[in-house]
Amino acid sequence: MATAEKTVVLAYSGGLDTSVAIRWLIDTYGYQVVALSVDLGETKDPEALKAKALAIGAKAAVVVDGRAEFAAEFLTPALWGNALYQREYPLATALARPLIAKHLVAAAREFGAEAVAHGCTGKGNDQVRFDVAVASLAPDLAVVAPVREWAWSRGQEMAYAEAHHIPVPATIESPYSVDANLWGRSIEGGVLEDPWVEPPEACYAWTAGPEAWPAEGEEITLSFVAGVPVQLNGAAMALEELISAVGEVAGRHGVGRLDLLEDRLVGIKSREVYEAPAAVTLIGAHRAAEALTLPRDLLAHKAGIEEVLAQTIYNGLWYGPLTKALLAYLEETQRPVEAEVRLRLKAGQATVVGRRSTRSLYRPELATYGEGDAFDAQAATGFIKIWGLPMKAVANAHGR
Ligand code: ARG
């Protein structure tokens with residue numbers, strides 16, 4: 001029975017699982033529950049969220065606005081690293097978990113809690129990310145995962161909810177499991193579990209489908225300073241606002257829909273659908289800015305670092321020393337990445353159509369085939385003679 005003093009801080013979304021978890025933590029372990037929600041761009045009504053948690057039995061409910069922090073400390077480095085897991089997934093959900101974990105730990109300290117809790121199942125990546133992030137930041141805190149522990153069917157969960165007067169959504173809940181923040185929206189489950197079935201139009205919320213694409217494309221200009229987008233169409237804005245604005249316009253043109261067969265850290269292959277209009281557009285623009293301002297050898301080496309970064313983020317190692325070292329490397333690379341990039345958004349694509357920079361490494365007098373050519377083509381003969389020497393040696397010694 002309740003030893004009333006023990007406190008747990010629960011990452012609360014307002015959905016059925018974490019609502020039931022409030023009651024379950026009280027009844028099962030006798031915890032006092034602090035419900036913590038972090039707004040990463042998708043919290044519509046913080047007051048209603050808090051009221052719901054308190055009505056279910058939480059002793060306190062807190063909503064933190066994490067948008068600026070998410071943009072500055074998580075999305076900025078991800079953009080520097082053009083981070084895409086398995087070359088496609090921009091890692092929206094994966095990037096949010098360590099930030100939420102950081103706030104869970106801070107709240108645990110504030111409320112004198114001995115544990116934190118989250119609503120992840122036992123089959124996904126998110127449990128790993130929460131548990132490992134908390135272990136990295138506060139190894140003394142216990143982590144409770146009610147949904148992983150209770151292992152109920154949907155029916156059992158509903159029955160528990162009804163028995164405890166926990167509000168169950170009146171309408172049929174979305175047949176999908178959805179997680180969304182500034183960087184993207186992740187959609188799983190339902191008919192998507194059959195990888196042969198095309199994602200129904202109804203699973204998308206942020207991007208227009210082919211039927212709804214405006215006939216006319218739309219051009220945008222993004223300005224980068226030190227690898228960070230600071231202006232959209234010449235207007236300066238806070239990064240979190242810029243990301244929302246880019247997502248809005250790119251989504252209208254259907255940019256950023258992804259349908260992947262993904263490898264989870266826990267060894268399961270899984271069908272994952274994403275819409276990430278802002279992330280896809282911004283990574284495309286950022287790559288264009290880098291191509292103009294960074295030298296060839298750095299671009300090539302950085303591509304390997306990007307791959308490692310995507311894996312450390314995906315695998316829940318955000319607070320580990322490897323990620324810290326990768327971020328230091330990336331920050332160093334971004335100093336000259338200052339450019340304007342023009343993109344055409346049309347028919348599901350964000351296409352780079354122009355780029356310029358005062359720090360450009362592009363030299364028109366070297367590249368031109370027209371007037372004013374300053375490239376020493378005669379020197380190319382000597383360069384090629386020496387460059388090709390090893391090939392001659394191989395041909396002579398080994399033949400073809
Ligand atoms: N597979 C993605 C990831 O591991 C998305 C997870 C989505 N989570 C969710 N609760 N729907 O990051």
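Below, each value reflects all heavy atoms present in this structure, side chains not excepted, and no hydrogens, waters or symmetry copies. Order of listing sets the numbers, starting from 1, for every ligand and every atom in it.
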Q. Would you say the ring centroid of Y329 lies under 6.0 angstrom from that of H301?
A.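 Under 6.0 Å, so yes.
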(Q) With a 6.0 Å cut-off on the ring centroids, do F74 and W183 count as close? (A)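 So the answer is no for these two rings.
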**Q.** Contact check: Y89 vs ligand 1, nitrogen or oxygen atoms, below 3.5 angstrom
**A.** yes
Q: Give yes if a backbone or side-chain nitrogen or oxygen of S177 is under 3.5 Å from a nitrogen or oxygen of ligand 1, and no if not.
A: yes
Q) Out of curiosity, is R129 lining ligand 1, as in a heavy atom under 4.0 Å away? A)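 Per 4.0 Å heavy-atom rule, R129 contacts ligand 1.
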Q: Please confirm whether Y274 comes under 4.0 Å of ligand 1, counting heavy atoms of the residue only.
A: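 Yes; Y274 lies near enough to ligand 1 that a heavy-atom distance drops under 4.0 Å.
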Side chains of [X] and [Y] only: does a donor on one sit below 3.5 Å from an acceptor on the other?
{"X": "E275", "Y": "T207", "value": "yes"}
{"X": "N181", "Y": "E42", "value": "no"}
{"X": "Q334", "Y": "E290", "value": "yes"}

Interfacing atoms of ligand 1 (cut-off 4.0 Å, heavy-atom, [X]):
{"X": "S186", "result": "5 (C), 7 (C)"}
{"X": "E272", "result": "1 (N), 2 (C), 5 (C)"}
{"X": "N125", "result": "3 (C), 4 (O)"}

Q) Which class fits the ring pair W24 and Y29: parallel under 30°, tilted 30 to 60°, perpendicular over 60°? A)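 W24 and Y29: perpendicular rings.
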Q: Quick one: sort the Y274 and Y89 rings into parallel, tilted or perpendicular, breaks at 30° and 60°.
A: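 If you compare the ring of Y274 with that of Y89, the planes turn out parallel.
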(Q) Does only the side chain of D126 get under 4.0 Å from ligand 1, or the backbone, or both, or neither? Count heavy atoms. (A)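 The part of D126 near ligand 1 is the side chain, not the backbone.
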Q: Please state which part of E262 comes within less than 4.0 Å of ligand 1, counting heavy atoms only: side chain, backbone, both or neither.
A: side chain
Q: Among all protein heavy atoms, pick the one closest to atom 6 (C) of ligand 1 and tell me residue, atom and distance.
A: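 Nearest neighbour among protein heavy atoms for atom 6 (C) of ligand 1, to 0.1 Å: E188 OE2, 3.6 Å.
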